[in-house]
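What follows is a single structure, written as C-alpha coordinates, with notes after it.
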Amino acid sequence: MITESIRKVGSGTIDMIEGTGRFFVFLFSGIFNIFTFPFQLWKIIEHTWFMGARSMGVILLTGTFTGMVLGLQGYYTLTKFGSEGMLGSAVALTLIRELGPVLTAIMITARAGSAIAAEIGVMRISEQIDALETMDINPVRFVFSPRLVAALISFPLLTALFDAIGIFGGFITGSWLLGINAGIYIYRVADSVVMADITGGFVKSFAFAITVTTICCYRGFFTHLQTSGGFGAKGVSSSTTRAVVNSCVLILILDYIITYLLL
Amino acid sequence: MTSPLIELKNIHKKFGTNHVMQGVDLSINEGEITTIIGKSGTGKSVLLKHIIGLMHQDSGKITFSGKDTGTMTHKERRAFKQRFSYMFQENALFDSMTIYDNIALPLSEKAVFPRDIIRAKVKTRMEQLDIGETASKYPAQLSGGMKKRVALARALVTEPDIVLFDEPTTGLDPLRKNGVHKMIHSYQKMFGFTAVVVSHEIPDIFTISQKVAMLDKGRIIFQGTPEEIMNCEVENIYSFIHGKGDVEFE
(Lines give C-alpha, C1' and ligand atoms only; values in the text may rest on other atoms or scores of the structure.)
Protein backbone atom coordinates (compact mmCIF):
# COMPACT_ATOMS: atom_id res chain seq x y z
CA MET A 1 0.00 0.00 0.00
CA ILE A 2 2.71 2.51 1.08
CA THR A 3 5.07 1.24 -1.61
CA GLU A 4 2.35 1.68 -4.21
CA SER A 5 1.67 5.28 -3.10
CA ILE A 6 5.39 6.10 -3.20
CA ARG A 7 5.63 4.50 -6.64
CA LYS A 8 2.72 6.62 -7.90
CA VAL A 9 4.20 9.84 -6.50
CA GLY A 10 7.59 8.97 -7.97
CA SER A 11 6.19 8.09 -11.37
CA GLY A 12 4.06 11.28 -11.40
CA THR A 13 7.10 13.39 -10.52
CA ILE A 14 9.20 11.78 -13.25
CA ASP A 15 6.39 12.34 -15.77
CA MET A 16 6.12 15.98 -14.73
CA ILE A 17 9.86 16.59 -15.06
CA GLU A 18 9.92 14.80 -18.42
CA GLY A 19 6.92 16.82 -19.63
CA THR A 20 8.49 20.12 -18.55
CA GLY A 21 11.75 19.25 -20.28
CA ARG A 22 9.91 18.18 -23.42
CA PHE A 23 7.90 21.43 -23.40
CA PHE A 24 10.99 23.65 -23.23
CA VAL A 25 12.89 21.60 -25.82
CA PHE A 26 9.82 21.99 -28.08
CA LEU A 27 9.72 25.75 -27.45
CA PHE A 28 13.43 26.38 -28.02
CA SER A 29 13.51 24.10 -31.05
CA GLY A 30 10.57 26.06 -32.51
CA ILE A 31 12.30 29.39 -31.90
CA PHE A 32 15.60 28.14 -33.33
CA ASN A 33 13.92 26.80 -36.45
CA ILE A 34 12.34 30.16 -37.27
CA PHE A 35 15.79 31.23 -38.43
CA THR A 36 16.71 28.11 -40.44
CA PHE A 37 16.69 28.10 -44.23
CA PRO A 38 14.44 27.96 -46.28
CA PHE A 39 12.33 30.61 -44.55
CA GLN A 40 8.67 29.68 -44.38
CA LEU A 41 7.34 33.06 -45.46
CA TRP A 42 4.26 31.77 -47.25
CA LYS A 43 3.25 29.61 -44.29
CA ILE A 44 3.72 32.55 -41.91
CA ILE A 45 1.41 34.67 -44.08
CA GLU A 46 -1.12 31.82 -44.19
CA HIS A 47 -1.12 31.38 -40.40
CA THR A 48 -1.19 35.13 -39.79
CA TRP A 49 -4.27 35.26 -41.98
CA PHE A 50 -5.90 32.44 -40.01
CA MET A 51 -4.84 33.52 -36.53
CA GLY A 52 -4.90 37.29 -37.03
CA ALA A 53 -7.09 38.46 -39.87
CA ARG A 54 -9.80 35.89 -39.30
CA SER A 55 -9.94 36.69 -35.57
CA MET A 56 -10.71 40.34 -36.25
CA GLY A 57 -14.47 39.86 -36.20
CA VAL A 58 -14.56 38.32 -32.74
CA ILE A 59 -12.05 40.90 -31.45
CA LEU A 60 -14.15 43.78 -32.79
CA LEU A 61 -17.28 42.38 -31.21
CA THR A 62 -15.80 41.55 -27.81
CA GLY A 63 -13.74 44.75 -27.74
CA THR A 64 -16.78 46.92 -28.42
CA PHE A 65 -18.90 45.32 -25.73
CA THR A 66 -16.06 45.22 -23.20
CA GLY A 67 -15.54 48.96 -23.71
CA MET A 68 -19.28 49.60 -23.52
CA VAL A 69 -19.71 47.69 -20.26
CA LEU A 70 -16.63 49.38 -18.79
CA GLY A 71 -18.17 52.71 -19.74
CA LEU A 72 -21.44 51.77 -18.09
CA GLN A 73 -19.92 50.40 -14.87
CA GLY A 74 -17.32 53.17 -14.72
CA TYR A 75 -19.90 55.92 -15.19
CA TYR A 76 -22.11 54.79 -12.30
CA THR A 77 -19.11 54.24 -10.01
CA LEU A 78 -17.48 57.58 -10.87
CA THR A 79 -20.80 59.44 -10.52
CA LYS A 80 -20.79 58.51 -6.82
CA PHE A 81 -17.62 60.59 -6.43
CA GLY A 82 -18.71 63.29 -8.85
CA SER A 83 -15.88 62.49 -11.20
CA GLU A 84 -17.64 61.00 -14.23
CA GLY A 85 -15.40 63.19 -16.37
CA MET A 86 -12.60 60.71 -15.64
CA LEU A 87 -14.45 57.96 -17.52
CA GLY A 88 -12.14 58.22 -20.55
CA SER A 89 -9.07 57.61 -18.35
CA ALA A 90 -10.68 54.69 -16.52
CA VAL A 91 -11.76 52.93 -19.72
CA ALA A 92 -8.51 53.55 -21.61
CA LEU A 93 -6.14 52.52 -18.81
CA THR A 94 -8.15 49.42 -17.89
CA LEU A 95 -8.18 48.32 -21.51
CA ILE A 96 -4.61 49.15 -22.48
CA ARG A 97 -2.96 47.84 -19.32
CA GLU A 98 -5.11 44.82 -18.53
CA LEU A 99 -8.22 43.80 -20.37
CA GLY A 100 -6.95 44.41 -23.91
CA PRO A 101 -4.02 41.98 -23.86
CA VAL A 102 -5.75 39.42 -21.61
CA LEU A 103 -9.11 39.25 -23.38
CA THR A 104 -7.49 39.34 -26.82
CA ALA A 105 -5.28 36.39 -25.87
CA ILE A 106 -8.24 34.46 -24.46
CA MET A 107 -10.35 35.14 -27.57
CA ILE A 108 -7.51 34.03 -29.88
CA THR A 109 -7.04 30.90 -27.74
CA ALA A 110 -10.72 30.09 -28.06
CA ARG A 111 -10.89 30.73 -31.78
CA ALA A 112 -7.47 29.82 -33.19
CA GLY A 113 -5.64 28.01 -30.36
CA SER A 114 -8.22 25.26 -30.12
CA ALA A 115 -8.16 24.83 -33.91
CA ILE A 116 -4.35 24.61 -33.89
CA ALA A 117 -4.32 21.96 -31.14
CA ALA A 118 -7.01 19.92 -32.92
CA GLU A 119 -5.35 20.20 -36.34
CA ILE A 120 -1.93 19.13 -35.08
CA GLY A 121 -3.52 16.41 -32.93
CA VAL A 122 -5.23 14.95 -36.01
CA MET A 123 -1.92 15.15 -37.87
CA ARG A 124 -0.33 13.14 -35.07
CA ILE A 125 -2.93 10.37 -34.88
CA SER A 126 -3.15 10.02 -38.67
CA GLU A 127 0.65 9.58 -38.84
CA GLN A 128 1.19 12.79 -40.82
CA ILE A 129 3.82 13.92 -38.31
CA ASP A 130 5.57 10.54 -38.59
CA ALA A 131 5.40 10.97 -42.37
CA LEU A 132 7.25 14.29 -42.03
CA GLU A 133 10.00 12.57 -40.07
CA THR A 134 10.35 9.84 -42.67
CA MET A 135 10.71 12.58 -45.31
CA ASP A 136 13.51 14.11 -43.22
CA ILE A 137 11.38 17.21 -42.61
CA ASN A 138 11.67 18.60 -39.08
CA PRO A 139 8.08 18.37 -37.78
CA VAL A 140 8.57 21.04 -35.09
CA ARG A 141 9.83 23.45 -37.74
CA PHE A 142 6.92 22.50 -40.02
CA VAL A 143 4.02 22.78 -37.56
CA PHE A 144 5.22 25.13 -34.81
CA SER A 145 7.77 27.72 -36.02
CA PRO A 146 5.57 29.49 -38.62
CA ARG A 147 2.63 29.57 -36.19
CA LEU A 148 4.84 31.12 -33.52
CA VAL A 149 5.90 33.93 -35.87
CA ALA A 150 2.27 34.40 -36.96
CA ALA A 151 1.23 34.71 -33.31
CA LEU A 152 3.98 37.24 -32.59
CA ILE A 153 2.60 39.35 -35.44
CA SER A 154 -1.11 38.82 -34.72
CA PHE A 155 -1.37 39.15 -30.94
CA PRO A 156 -0.02 42.72 -30.59
CA LEU A 157 -1.97 43.93 -33.62
CA LEU A 158 -5.22 42.41 -32.39
CA THR A 159 -4.54 43.77 -28.90
CA ALA A 160 -4.15 47.27 -30.38
CA LEU A 161 -7.40 46.77 -32.27
CA PHE A 162 -9.16 45.55 -29.12
CA ASP A 163 -7.89 48.58 -27.16
CA ALA A 164 -8.95 51.06 -29.84
CA ILE A 165 -12.39 49.58 -30.38
CA GLY A 166 -12.88 49.18 -26.62
CA ILE A 167 -12.12 52.86 -26.03
CA PHE A 168 -14.63 53.64 -28.75
CA GLY A 169 -17.15 51.32 -27.02
CA GLY A 170 -16.66 53.29 -23.81
CA PHE A 171 -17.22 56.47 -25.82
CA ILE A 172 -20.50 55.10 -27.20
CA THR A 173 -21.82 54.39 -23.68
CA GLY A 174 -20.30 57.39 -21.92
CA SER A 175 -20.83 60.10 -24.47
CA TRP A 176 -23.72 58.97 -26.70
CA LEU A 177 -25.85 57.13 -24.17
CA LEU A 178 -25.00 58.74 -20.82
CA GLY A 179 -24.23 62.26 -21.99
CA ILE A 180 -20.59 62.85 -21.02
CA ASN A 181 -19.01 65.54 -23.14
CA ALA A 182 -17.22 63.90 -26.09
CA GLY A 183 -14.31 66.33 -25.92
CA ILE A 184 -13.73 65.59 -22.24
CA TYR A 185 -13.81 61.84 -22.85
CA ILE A 186 -11.25 62.06 -25.65
CA TYR A 187 -9.11 64.55 -23.74
CA ARG A 188 -9.01 62.23 -20.69
CA VAL A 189 -8.00 59.29 -22.83
CA ALA A 190 -5.17 61.22 -24.50
CA ASP A 191 -4.09 62.84 -21.25
CA SER A 192 -3.90 59.76 -19.05
CA VAL A 193 -2.33 57.18 -21.34
CA VAL A 194 1.46 57.29 -21.40
CA MET A 195 3.90 55.29 -23.51
CA ALA A 196 4.71 52.93 -20.60
CA ASP A 197 1.06 51.77 -20.52
CA ILE A 198 1.12 50.91 -24.21
CA THR A 199 4.54 49.22 -23.99
CA GLY A 200 3.39 47.20 -20.98
CA GLY A 201 0.32 46.03 -22.90
CA PHE A 202 2.48 44.95 -25.83
CA VAL A 203 4.96 43.14 -23.57
CA LYS A 204 2.02 41.15 -22.25
CA SER A 205 0.68 40.40 -25.71
CA PHE A 206 4.09 39.09 -26.87
CA ALA A 207 4.32 36.89 -23.77
CA PHE A 208 0.78 35.60 -24.35
CA ALA A 209 1.53 34.93 -28.03
CA ILE A 210 4.47 32.69 -27.13
CA THR A 211 2.56 30.97 -24.30
CA VAL A 212 -0.66 30.27 -26.20
CA THR A 213 0.99 29.10 -29.41
CA THR A 214 3.48 26.89 -27.61
CA ILE A 215 0.85 25.25 -25.41
CA CYS A 216 -1.61 24.67 -28.25
CA CYS A 217 1.02 23.30 -30.66
CA TYR A 218 2.65 21.22 -27.90
CA ARG A 219 -0.65 19.66 -26.79
CA GLY A 220 -1.53 18.72 -30.36
CA PHE A 221 1.97 17.53 -31.21
CA PHE A 222 2.18 15.18 -28.23
CA THR A 223 -1.44 13.99 -28.35
CA HIS A 224 -0.21 10.40 -28.52
CA LEU A 225 1.60 10.73 -25.18
CA GLN A 226 -1.42 12.07 -23.29
CA THR A 227 -3.11 8.71 -22.99
CA SER A 228 -5.07 9.58 -19.85
CA GLY A 229 -7.58 11.50 -21.98
CA GLY A 230 -8.12 8.56 -24.34
CA PHE A 231 -6.84 7.54 -27.75
CA GLY A 232 -7.74 8.60 -31.30
CA ALA A 233 -10.52 11.17 -31.62
CA LYS A 234 -10.98 11.24 -27.83
CA GLY A 235 -7.27 11.92 -27.42
CA VAL A 236 -7.49 14.87 -29.84
CA SER A 237 -10.53 16.23 -28.03
CA SER A 238 -8.74 15.89 -24.69
CA SER A 239 -5.60 17.63 -26.05
CA THR A 240 -7.70 20.48 -27.41
CA THR A 241 -9.50 20.97 -24.10
CA ARG A 242 -6.23 20.88 -22.18
CA ALA A 243 -4.64 23.33 -24.62
CA VAL A 244 -7.45 25.87 -24.13
CA VAL A 245 -7.69 25.45 -20.35
CA ASN A 246 -3.90 25.55 -19.81
CA SER A 247 -3.56 28.59 -22.07
CA CYS A 248 -6.32 30.54 -20.32
CA VAL A 249 -4.99 29.75 -16.84
CA LEU A 250 -1.42 30.63 -17.82
CA ILE A 251 -2.55 33.89 -19.45
CA LEU A 252 -4.03 35.02 -16.13
CA ILE A 253 -1.02 33.86 -14.09
CA LEU A 254 1.42 35.51 -16.48
CA ASP A 255 -0.68 38.67 -16.49
CA TYR A 256 -0.25 38.98 -12.75
CA ILE A 257 3.50 38.28 -12.89
CA ILE A 258 4.14 40.76 -15.72
CA THR A 259 1.98 43.44 -14.08
CA TYR A 260 3.90 42.93 -10.83
CA LEU A 261 7.22 43.26 -12.64
CA LEU A 262 6.17 46.32 -14.65
CA LEU A 263 4.69 48.33 -11.79
CA MET B 1 25.42 -13.17 -53.80
CA THR B 2 23.68 -9.91 -52.83
CA SER B 3 25.11 -8.07 -49.82
CA PRO B 4 22.87 -7.23 -46.84
CA LEU B 5 22.10 -3.53 -46.94
CA ILE B 6 20.29 -3.43 -43.61
CA GLU B 7 20.84 -5.81 -40.72
CA LEU B 8 18.88 -6.04 -37.49
CA LYS B 9 20.70 -7.86 -34.73
CA ASN B 10 19.00 -9.07 -31.56
CA ILE B 11 16.46 -6.21 -31.44
CA HIS B 12 14.36 -5.98 -28.28
CA LYS B 13 11.47 -3.58 -27.75
CA LYS B 14 8.99 -3.35 -24.89
CA PHE B 15 5.88 -1.20 -24.57
CA GLY B 16 5.18 -1.31 -20.84
CA THR B 17 4.84 -5.00 -20.09
CA ASN B 18 4.29 -5.95 -23.72
CA HIS B 19 7.57 -7.38 -25.05
CA VAL B 20 6.91 -6.87 -28.78
CA MET B 21 10.35 -7.70 -30.12
CA GLN B 22 12.30 -10.38 -28.31
CA GLY B 23 15.54 -10.62 -30.25
CA VAL B 24 14.72 -9.92 -33.88
CA ASP B 25 17.46 -10.82 -36.37
CA LEU B 26 16.87 -9.88 -39.98
CA SER B 27 18.95 -9.00 -43.01
CA ILE B 28 17.66 -7.07 -46.02
CA ASN B 29 19.53 -7.35 -49.28
CA GLU B 30 20.19 -4.49 -51.65
CA GLY B 31 17.98 -4.25 -54.73
CA GLU B 32 15.53 -6.91 -53.53
CA ILE B 33 11.95 -6.95 -52.33
CA THR B 34 11.86 -8.41 -48.84
CA THR B 35 8.43 -9.21 -47.46
CA ILE B 36 7.68 -9.45 -43.76
CA ILE B 37 4.71 -11.58 -42.83
CA GLY B 38 3.17 -12.61 -39.55
CA LYS B 39 -0.03 -12.54 -37.55
CA SER B 40 -1.67 -9.22 -36.79
CA GLY B 41 -0.23 -7.54 -33.73
CA THR B 42 3.14 -9.30 -33.86
CA GLY B 43 5.02 -6.03 -34.38
CA LYS B 44 5.62 -5.92 -38.14
CA SER B 45 4.91 -2.19 -38.39
CA VAL B 46 7.00 -1.61 -35.26
CA LEU B 47 9.84 -3.42 -37.00
CA LEU B 48 9.56 -1.12 -40.06
CA LYS B 49 9.49 1.94 -37.81
CA HIS B 50 12.71 0.77 -36.17
CA ILE B 51 14.40 0.45 -39.55
CA ILE B 52 13.61 4.04 -40.52
CA GLY B 53 14.27 5.42 -37.04
CA LEU B 54 10.72 6.43 -36.06
CA MET B 55 11.13 4.14 -33.04
CA HIS B 56 14.22 3.16 -31.13
CA GLN B 57 15.04 -0.29 -29.83
CA ASP B 58 15.61 -0.96 -26.14
CA SER B 59 18.59 -3.11 -27.05
CA GLY B 60 20.19 -4.64 -30.12
CA LYS B 61 21.79 -3.13 -33.18
CA ILE B 62 20.61 -1.97 -36.60
CA THR B 63 23.31 -1.56 -39.23
CA PHE B 64 23.04 0.15 -42.58
CA SER B 65 25.78 -0.76 -45.07
CA GLY B 66 27.70 -2.11 -42.09
CA LYS B 67 27.40 1.13 -40.08
CA ASP B 68 25.60 1.03 -36.71
CA THR B 69 22.70 3.50 -36.98
CA GLY B 70 22.91 4.09 -33.20
CA THR B 71 26.41 5.57 -33.51
CA MET B 72 25.70 7.75 -36.56
CA THR B 73 26.42 11.47 -36.31
CA HIS B 74 23.61 13.94 -36.98
CA LYS B 75 24.93 14.48 -40.51
CA GLU B 76 25.20 10.74 -41.21
CA ARG B 77 21.70 10.18 -39.83
CA ARG B 78 20.26 12.83 -42.15
CA ALA B 79 22.06 11.33 -45.14
CA PHE B 80 20.75 7.90 -44.08
CA LYS B 81 17.17 9.16 -43.77
CA GLN B 82 17.35 10.84 -47.15
CA ARG B 83 17.90 7.45 -48.78
CA PHE B 84 14.60 6.13 -47.39
CA SER B 85 10.93 6.53 -48.17
CA TYR B 86 8.05 5.14 -46.18
CA MET B 87 4.59 4.33 -47.44
CA PHE B 88 2.19 4.26 -44.50
CA GLN B 89 -0.62 1.75 -44.05
CA GLU B 90 -3.21 4.56 -44.03
CA ASN B 91 -1.18 6.62 -46.53
CA ALA B 92 -0.62 9.57 -44.11
CA LEU B 93 -1.44 12.12 -46.81
CA PHE B 94 -1.82 15.73 -45.70
CA ASP B 95 -5.55 16.24 -46.02
CA SER B 96 -5.38 20.04 -46.10
CA MET B 97 -2.99 20.01 -49.07
CA THR B 98 -3.68 19.30 -52.72
CA ILE B 99 -2.37 16.11 -54.28
CA TYR B 100 0.33 18.08 -56.09
CA ASP B 101 1.49 19.70 -52.84
CA ASN B 102 1.45 16.34 -51.06
CA ILE B 103 3.73 14.77 -53.65
CA ALA B 104 5.97 17.84 -53.92
CA LEU B 105 6.32 18.20 -50.13
CA PRO B 106 9.52 16.17 -49.61
CA LEU B 107 11.22 18.31 -52.26
CA SER B 108 9.65 21.72 -51.65
CA GLU B 109 10.38 21.72 -47.92
CA LYS B 110 14.11 21.42 -48.44
CA ALA B 111 14.62 23.96 -51.22
CA VAL B 112 17.31 21.81 -52.81
CA PHE B 113 15.75 22.07 -56.25
CA PRO B 114 14.34 25.11 -58.06
CA ARG B 115 10.57 25.23 -58.39
CA ASP B 116 10.48 24.25 -62.09
CA ILE B 117 12.58 21.12 -61.44
CA ILE B 118 10.26 20.14 -58.58
CA ARG B 119 7.27 20.66 -60.87
CA ALA B 120 8.84 18.47 -63.54
CA LYS B 121 9.71 15.70 -61.07
CA VAL B 122 6.22 15.69 -59.55
CA LYS B 123 4.59 15.74 -62.97
CA THR B 124 6.70 12.79 -64.12
CA ARG B 125 5.77 10.69 -61.07
CA MET B 126 2.11 11.60 -61.39
CA GLU B 127 2.08 10.58 -65.04
CA GLN B 128 3.93 7.33 -64.32
CA LEU B 129 1.35 6.44 -61.68
CA ASP B 130 -1.58 7.62 -63.78
CA ILE B 131 -2.77 10.29 -61.35
CA GLY B 132 -2.04 13.30 -63.53
CA GLU B 133 -5.65 14.46 -63.43
CA THR B 134 -5.77 14.70 -59.65
CA ALA B 135 -3.15 17.43 -59.09
CA SER B 136 -5.55 20.08 -57.79
CA LYS B 137 -7.77 17.70 -55.85
CA TYR B 138 -7.56 16.92 -52.11
CA PRO B 139 -6.99 13.42 -50.64
CA ALA B 140 -10.58 13.27 -49.36
CA GLN B 141 -11.80 13.54 -52.97
CA LEU B 142 -9.94 10.40 -54.10
CA SER B 143 -10.73 6.69 -53.93
CA GLY B 144 -8.67 4.30 -51.78
CA GLY B 145 -6.68 3.02 -54.76
CA MET B 146 -5.91 6.52 -55.97
CA LYS B 147 -4.72 7.54 -52.50
CA LYS B 148 -2.34 4.55 -52.49
CA ARG B 149 -0.91 5.72 -55.80
CA VAL B 150 -0.51 9.26 -54.47
CA ALA B 151 1.28 7.88 -51.40
CA LEU B 152 3.52 5.82 -53.67
CA ALA B 153 4.21 8.87 -55.86
CA ARG B 154 5.20 10.84 -52.76
CA ALA B 155 7.41 7.98 -51.61
CA LEU B 156 9.15 7.78 -54.99
CA VAL B 157 9.49 11.47 -55.85
CA THR B 158 12.76 11.76 -53.92
CA GLU B 159 14.19 8.80 -55.89
CA PRO B 160 14.95 6.81 -52.72
CA ASP B 161 17.26 3.83 -52.48
CA ILE B 162 15.03 2.05 -49.99
CA VAL B 163 11.24 2.10 -49.79
CA LEU B 164 9.37 0.66 -46.82
CA PHE B 165 5.76 -0.35 -47.47
CA ASP B 166 3.50 -0.88 -44.47
CA GLU B 167 0.60 -3.07 -45.62
CA PRO B 168 0.19 -1.22 -48.91
CA THR B 169 -2.93 -3.14 -49.92
CA THR B 170 -5.01 -2.72 -46.76
CA GLY B 171 -8.63 -1.96 -47.55
CA LEU B 172 -8.36 -2.57 -51.28
CA ASP B 173 -10.42 -4.97 -53.37
CA PRO B 174 -8.65 -8.00 -54.96
CA LEU B 175 -8.22 -6.27 -58.32
CA ARG B 176 -6.67 -3.19 -56.78
CA LYS B 177 -4.52 -5.35 -54.49
CA ASN B 178 -3.02 -7.01 -57.55
CA GLY B 179 -2.63 -3.60 -59.11
CA VAL B 180 -0.63 -2.34 -56.13
CA HIS B 181 1.56 -5.46 -56.14
CA LYS B 182 2.25 -5.04 -59.85
CA MET B 183 2.94 -1.39 -59.27
CA ILE B 184 5.52 -2.10 -56.54
CA HIS B 185 7.11 -4.79 -58.68
CA SER B 186 7.30 -2.74 -61.86
CA TYR B 187 8.56 0.41 -60.12
CA GLN B 188 11.10 -1.60 -58.19
CA LYS B 189 12.35 -2.90 -61.53
CA MET B 190 12.21 0.57 -63.07
CA PHE B 191 13.98 2.46 -60.26
CA GLY B 192 15.95 -0.41 -58.74
CA PHE B 193 15.19 0.48 -55.12
CA THR B 194 15.36 -1.92 -52.20
CA ALA B 195 11.88 -2.61 -50.85
CA VAL B 196 10.67 -3.93 -47.53
CA VAL B 197 6.99 -4.82 -47.60
CA VAL B 198 4.83 -5.71 -44.63
CA SER B 199 1.91 -7.68 -46.02
CA HIS B 200 -0.84 -10.15 -45.26
CA GLU B 201 -1.44 -10.98 -48.92
CA ILE B 202 -0.28 -14.58 -48.95
CA PRO B 203 0.62 -16.06 -51.40
CA ASP B 204 0.10 -13.12 -53.84
CA ILE B 205 2.88 -11.03 -52.32
CA PHE B 206 5.34 -13.89 -52.82
CA THR B 207 5.14 -13.47 -56.59
CA ILE B 208 6.95 -10.14 -56.36
CA SER B 209 9.29 -10.94 -53.44
CA GLN B 210 12.84 -12.25 -53.56
CA LYS B 211 12.91 -12.86 -49.82
CA VAL B 212 10.31 -13.57 -47.14
CA ALA B 213 10.71 -13.23 -43.37
CA MET B 214 8.13 -14.38 -40.87
CA LEU B 215 7.73 -12.65 -37.51
CA ASP B 216 6.16 -14.63 -34.70
CA LYS B 217 6.11 -14.07 -30.94
CA GLY B 218 8.69 -11.31 -31.17
CA ARG B 219 11.22 -13.21 -33.29
CA ILE B 220 11.96 -13.84 -36.94
CA ILE B 221 11.25 -17.55 -37.18
CA PHE B 222 11.93 -17.86 -40.91
CA GLN B 223 14.01 -16.07 -43.56
CA GLY B 224 14.25 -17.42 -47.07
CA THR B 225 12.87 -17.39 -50.58
CA PRO B 226 9.14 -17.55 -51.31
CA GLU B 227 9.60 -21.11 -52.61
CA GLU B 228 11.30 -22.18 -49.41
CA ILE B 229 8.57 -20.78 -47.17
CA MET B 230 5.83 -22.30 -49.33
CA ASN B 231 7.48 -25.70 -48.92
CA CYS B 232 8.34 -25.24 -45.26
CA GLU B 233 6.81 -27.92 -43.08
CA VAL B 234 7.43 -26.35 -39.67
CA GLU B 235 3.99 -26.52 -38.10
CA ASN B 236 3.23 -22.89 -37.20
CA ILE B 237 4.75 -21.58 -40.46
CA TYR B 238 2.85 -24.10 -42.53
CA SER B 239 -0.46 -23.40 -40.80
CA PHE B 240 0.00 -19.63 -41.16
CA ILE B 241 0.98 -19.77 -44.83
CA HIS B 242 -1.80 -22.14 -45.75
CA GLY B 243 -4.40 -20.53 -43.47
CA LYS B 244 -4.90 -23.65 -41.39
CA GLY B 245 -5.25 -24.20 -37.68
CA ASP B 246 -7.06 -22.24 -34.98
CA VAL B 247 -6.50 -18.62 -34.19
CA GLU B 248 -5.91 -17.83 -30.54
CA PHE B 249 -7.48 -14.59 -29.39
CA GLU B 250 -5.65 -13.36 -26.34
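Proteins get letters first, then strands, A, B, ... in listed order; numbering begins at 1 in each.
- Once rounded to the nearest 0.5 Å, the distance linking OG of S96(B) with CD of E46(A) reads 8.0 Å.
- Using a 4.0 Å cut-off between a side-chain N of Lys or Arg and a carboxylate O of Asp or Glu, K43(A) and E109(B) qualify as a salt bridge.
- Within a 6.0 Å sphere centred on CZ of F65(A), heavy atoms belonging to other residues, nucleotides or ligands number 12 at most.
- Contacts of L164(B) with chain A are absent, with no heavy-atom separation under 4.5 Å from either backbone or side chain.
- The number of heavy atoms from other shown groups lying within 6.0 Å of CE (M56(A)) does not exceed 12.
- Both the backbone and the side chain of F94(B) come within contact range of chain A, each with at least one heavy atom under 4.5 Å from a heavy atom of that chain.
- In this structure, D173(B) places its CG atom where more than 12 heavy-atom neighbours from other residues, nucleotides or ligands lie under 6.0 Å away.
- If you measure heavy-atom distances from K49(B) to chain A, the contacts under 4.5 Å come from the side chain alone.
- For K123(B), the NZ atom sits in a loose shell: 12 or fewer heavy atoms of surrounding residues, nucleotides or ligands are nearer than 6.0 Å.
- Residues M135(A) and P106(B) come closest through the heavy atom pair SD-CG, 3.4 Å.
- For the residue pair A131(A) and R154(B), the shortest heavy atom distance occurs at CB-NH2, 3.8 Å.
- Using non-hydrogen atoms only and a strict 4.5 Å limit, the part of residues 50-82 of chain B facing chain A consists of I52(B), L54(B), R78(B), K81(B), Q82(B).
- There is no contact between N91(B) and chain A, counting heavy-atom distances below 4.5 Å.
- Of all residues spanning residues 10-25 of chain A, none has a heavy atom less than 4.5 Å away from chain B's heavy atoms.
- Heavy atoms of other residues, nucleotides or ligands lying less than 6.0 angstrom from CZ of F39(A) number more than 12.
- Of the listed residues (L132(A), D130(A), D136(A)), the one with the most heavy-atom contacts under 4.5 Å to chain B is D136(A).
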